[in-house]
Amino acid sequence: MLCQIVLFDGFDPLDVIAPYEVLFAGSMAAPGQLSVELVSAEGPRKVPSGAGLLTLRATGRLDPRRAGLVLVPGAVGPLGAGADAGGPGGEDTVPALLARSLSTGLPALLKEALEQPGTIVATVCGGSLVPAMAGLIEGRHVTTNHLGLDALAATGAVAVDARIVDDGDLVSGAGVTSGLDLGLYLLERELGPRIAHAVERLFAHERRGTVWRATGPVPAAF
């Protein structure tokens with residue numbers, strides 16, 4: 001399984017690095033079953049985060065036809081006036097950075113990923129607002145940072161106040177550090193508990209919070 005983690009201008013580095021390291025460790029524990037790469041909607045480029053001068057390099061273009069797992073991070077910056085209601089605020093606020101991603105090729109690629117059989121779309125923190133604001137997950141169960149739950153619900157998505165929300169091929173994590181738990185949850189779901197537990201011990205991290213799962217069938221382990 002190929003996991004592509006999406007970078008966009010203003011992304012939150014911890015939303016990216018936490019699941020990246022977890023999934024990369026999982027790939028070492030299960031050789032040949034998982035690989036992880038950083039991508040953007042535009043292709044290879046240096047992508048500025050919202051955290052000062054920190055940038056990461058996308059080594060390829062998001063390609064839902066290749067990826068079995070597409071992970072979208074949130075943004076980092078001031079909340080700004082009106083953030084709780086989904087207002088854009090200033091140019092570098094979290095809502096503005098997320099809204100700006102909608103003017104790129106990212107929404108169309110996420111739509112393709114969500115429509116691709118067998119592909120999982122995962123989000124961390126405010127990353128769920130990207131497909132939500134694009135109108136791609138109306139009626140789907142999803143979570144985000146507790147400060148953005150009202151804005152998420154306003155898009156027509158079903159906002160759930162939980163650490164991890166599993167809605168089948170859409171899996172989301174809440175606040176920033178939930179990227180660790182999201183990565184471990186995905187490892188357990190897709191590669192099995194032995195791999196997830198090995199990485200959990202390696203990272204000296206104990207998972208926490210509520211995992212909410214939609215009723216009905218959930219995809220079997222990879």
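Reckoned from all heavy atoms, side chains included, excluding hydrogens, waters and symmetry mates.
- Of the possible donor and acceptor atoms, none in the side chain of Thr210 sits under 3.5 Å from a partner among the backbone N and O of Ala162.
- Under the 4.5 Å side-chain contact rule for hydrophobic residues, Leu98 and Leu114 share a cluster.
- Side chain of Thr144 to backbone of Cys125: a donor-acceptor contact under 3.5 angstrom is found.
- In this structure the side chain of Val76 never reaches within 4.5 angstrom of the side chain of Val94, judged on heavy atoms.
- Here OG of Ser128 is found 8.5 Å from CG of Leu170. Values are rounded to the nearest 0.5 Å.
- Closest of all the heavy-atom pairs between Tyr20 and Val36 is CD1-CG1, 3.5 Å.
- Counting heavy atoms from C-beta outward, Leu109 and Val70 have side chains that stay 4.5 Å or more apart.
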For this session: Could you check Leu129 against Leu152 for side chain to side chain contact (heavy atoms under 4.5 Å, CB included), going step by step and ending with a plain yes or no?
Result: CA-CA 6 Å; Leu129 283 161; Leu152 186 60; 4.0 Å; yes
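- A heavy-atom distance below 4.5 Å is found between the side chains of Asp166 and Arg189.
- The two residues Ser172 and Thr123 come nearest to each other via the heavy atoms CB-OG1, 3.1 Å.
- To the nearest 0.5 angstrom, Leu71 atom CG is 10.5 Å from Leu38 atom CG.
- Residues Ile17 and Leu56 meet the side-chain proximity criterion, which asks for heavy atoms closer than 4.5 Å.
- The backbone N or O of Leu54 sits less than 3.5 Å from a side-chain atom of Ser49, completing a donor-acceptor pair.
- Considering all non-hydrogen atoms of both residues, Leu2 and Arg66 come closest at CD2-NH2, 3.4 Å.
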For this session: Using the side chain to side chain contact (heavy atoms under 4.5 Å, CB included) rule, take Phe8 and Thr104 through it: C-alpha gap first, then chi angles, then the decisive distance, then the call.
Result: CA-CA 9 Å; Phe8 57 85; Thr104 70; over 6 Å; no
Problem set entry | Derivation and outcome, side chain to side chain contact (heavy atoms under 4.5 Å, CB included), residues Glu190 and Ile195 | CA-CA 10 Å; Glu190 301 303 313; Ile195 298 298; over 6 Å; no
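- Ion pairing of Arg194 with Glu188 is absent here, as no side-chain N (NZ or NE/NH1/NH2) approaches a carboxylate O to less than 4.0 Å.
- A salt bridge links Asp181 with Arg163: at least one charged nitrogen is closer than 4.0 Å to a carboxylate oxygen.
- The pair Asp9-Lys46 fails the salt-bridge criterion, with no side-chain N (NZ, NE, NH1 or NH2) lying under 4.0 Å from an Asp/Glu carboxylate O.
- Checking Leu136, Thr155, Leu106 one by one against Pro131, the side chain to side chain contact (heavy atoms under 4.5 Å, CB included) holds for a single residue, Leu136.
- Among all heavy-atom pairs drawn from Gln4 and Leu62, the shortest one is OE1-CD1, 3.3 Å.
- Residues Leu34 and Val124 share a single hydrophobic cluster, defined by chaining ILVMFWY side chains whose heavy atoms lie under 4.5 Å apart.
- Taking each heavy atom of Ala18 and Gly179 in turn, the nearest pair found is CB-C, 4.1 Å.
- One finds the CG atom of Leu180 at 7.0 Å from the CG atom of Leu14 (value rounded to the nearest 0.5 Å).
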Problem set entry | Stepwise side chain to side chain contact (heavy atoms under 4.5 Å, CB included) test for Leu149 and Thr143 | CA-CA 7 Å; Leu149 286 170; Thr143 193; 4.0 Å; yes
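- Taken to the nearest 0.5 Å, the CZ atom of Arg213 stands 12.0 Å off from the CD1 atom of Ile164.
- Within a 6.0 Å radius of CZ in Phe203, more than 12 heavy atoms belonging to other residues, nucleotides or ligands are found.
- For the atom pair CD (Gln33) and CG (Leu187), the distance works out to 10.5 Å, reported to the nearest 0.5 Å.
- In this structure, Asn145 contributes its side chain and Gly126 its backbone to no donor-acceptor pair below 3.5 Å.
- Leu69 and Leu7 fall within the same hydrophobic cluster, defined by Ile, Leu, Val, Met, Phe, Trp and Tyr side-chain heavy atoms under 4.5 Å apart, directly or through other members.
- Glu200 contributes a side-chain N or O that, together with a main-chain N or O of Arg207, makes up a donor-acceptor pair within less than 3.5 Å.
- Formation of a donor-acceptor pair under 3.5 Å by the Asp167 side chain with backbone atoms of His141 is found in this model.
- A heavy-atom distance below 4.5 Å is found between the side chains of Asp12 and Val176.
- A salt bridge does not link Arg61 with Asp63: every distance from a Lys NZ or Arg NE/NH1/NH2 to an Asp or Glu carboxylate oxygen is 4.0 Å or more.
- Residues Leu182 and Met1 are members of one and the same hydrophobic cluster, defined by side-chain heavy-atom contacts under 4.5 angstrom among Ile, Leu, Val, Met, Phe, Trp and Tyr.
- Taking each heavy atom of Thr93 and Leu79 in turn, the nearest pair found is CB-O, 3.7 Å.
- Taken to the nearest 0.5 Å, the CZ atom of Phe11 stands 13.5 Å off from the OG atom of Ser101.
- Val199 and Phe24 fall within a single hydrophobic cluster, where Ile, Leu, Val, Met, Phe, Trp and Tyr side chains are chained together by heavy-atom contacts under 4.5 Å.
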